Amino acid sequence: MWRSGLRQRVKEMLMILPSCPFLPPSPSSSQHFAFTKKPLLGLANASLCSPGTMSTATNLDGIFKQKQVLRSKVRKSLKSMDPSLRSQEDDAIQSLVLEAPWFKSSQRLCAYITCSALREVDTSKLLSQILQNPTKDGSVENAKKLYVPRVEDKNSHMRMLNISSMDDLIANSMDILEPAPVDQHGNAREDVMQANDPVDLFLLPGLAFDKSGRRLGRGGG
Ligand SMILES: Nc1nc2c(c(=O)[nH]1)N(C=O)[C@@H](CNc1ccc(C(=O)N[C@@H](CCC(=O)O)C(=O)O)cc1)CN2
Ligand SMILES: Nc1ncnc2c1ncn2[C@@H]1O[C@H](COP(=O)(O)OP(=O)(O)OP(=O)(O)O)[C@@H](O)[C@H]1O
């Protein structure tokens, strides 16, 4: 019971990614992860109906509604979850990630800052590990680089900006911590889209995932 719940919550935080098409390419990686709008959770058939049987607008409308229903269900079950079980699962998920070779070897990461009001899987231990970033020889050459989201406007325009400390974060209007656009010296933070090197790993929040890992987000875009 505990294990199956945990498995689902592990899925709530999707960990991926050797390479992404809109980021600088990784020559060593053969895998790709596209941020495409894919059908989710058994909704694939609806989106594959031919134009003769159902219009595209109707398809999208149906999918949109099904996603909303599913989001409400998941939100409700997350809200009713026992807080101490949640906390145990948060610890277990983070330990699992911290011990994973793909986490240890990652050098450039994008990650979200947990919003506890949204009942997201906690990332605080992961972030402190990434930012603390101890290296065996004490050199900074192998330091992990972290980019976190910043919502720029009401049209869901979002950027991933580099931070080097949790002190770089301030609460936004949704009460989610995010980086100020400039650092303490007044310099613009590096945007991952301008980075020279590819991102190795994304830690993404998700409301639900299907068995093949396809993600249902909050619908913010
Ligand atoms: N921690 C965290 N940071 C993030 C995201 C996220 O999902 N989680 N985002 C991911 O893209 C972006 C922000 N997008 C967001 C979209 C919706 C809500 C939110 O509060 N949604 C409520 C419903 C609000 C409403 O419908 O009025 C909810 O889902 O309960 C928050 C952030 C960037 N930063
Ligand atoms: N095929 C599509 N064509 C155009 N717009 C789409 C398509 N699919 C989704 N959208 C729009 O993209 C936005 C995000 O919807 P979507 O259902 O993909 O959210 P999500 O990926 O589950 O959540 P989030 O974007 O918050 O991570 C919505 O405004 C939605 O209307």
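Residues take their numbers from the sequence shown, with the count starting at 1. Order of appearance sets the numbers: ligands from 1, and atoms from 1 within every ligand. Just so we're clear, the structure is a prediction, and the values are computed from it rather than from any experiment.
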Does Ile113 reach ligand 1 with a nitrogen or oxygen that is under 3.5 Å from one of the ligand's nitrogen or oxygen atoms?
yes
Which of the atoms in ligand 2, numbered in the order shown and given with their element, are less than 4.0 Å from a heavy-atom of Arg218?
23 (O), 24 (P), 26 (O)
Does Leu161 offer a backbone N or O that forms a donor-acceptor pair with the side chain of Arg189 under 3.5 Å?
no
Hey, is ligand 2 close enough to Gly219 that some N/O pair sits below 3.5 Å?
yes
Please identify which atoms of ligand 2 are closer than 4.0 Å to at least one heavy atom of Arg215.
21 (O), 27 (O)
Can you pull out the closest protein heavy atom to atom 13 (C) of ligand 1? Residue, atom name and distance to 0.1 Å, please.
Val151 CG2, 3.7 Å
Is the shortest distance from a Lys or Arg side-chain nitrogen in Arg86 or Asp90 to a carboxylate oxygen in the other one below 4.0 Å?
no
Quick test: of every protein heavy atom, which one is nearest to atom 19 (C) of ligand 1, and how far off is it to 0.1 Å?
Leu118 CD2, 4.0 Å
Under 3.5 Å: donor-acceptor pair, side chain of Thr123, backbone of Tyr112:
yes
Quick test: of every protein heavy atom, which one is nearest to atom 34 (N) of ligand 1, and how far off is it to 0.1 Å?
Pro149 CG, 3.6 Å
Students should be able to answer this: which protein heavy-atom is nearest to atom 33 (C) of ligand 1, and at what distance?
Met158 SD, 3.3 Å
Less than 3.5 Å between some nitrogen or oxygen of Phe64 and one of ligand 2, yes or no?
no
Tell me which part of Arg71 gets within contact of ligand 1: side chain, backbone, both or neither, using heavy atoms under 4.0 Å.
neither
Residue pair Asp191 / Tyr147: nearest heavy atoms and the distance that separates them:
C-CE2, 4.3 Å
Hey, is Arg71 touching ligand 2 through its side chain, its backbone, both or neither, going by heavy atoms under 4.0 Å?
side chain
Say whether, by atom type as modelled, one donor and one acceptor occur between the side chain of Asp91 and the main chain of Gln88 under 3.5 angstrom.
no
May I ask you to identify, for Glu178, whether its side chain, its backbone, both or neither come under 4.0 Å of ligand 1 on a heavy-atom basis?
neither
Under 3.5 Å between some N or O of ligand 2 and some N or O of Gly220?
yes
Any N or O of Glu120 that comes nearer than 3.5 Å to an N or O of ligand 1?
yes
Check ligand 2 against Lys67 and write out every atom of the ligand that is under 4.0 Å from a heavy-atom position of the residue.
16 (P), 17 (O), 18 (O)
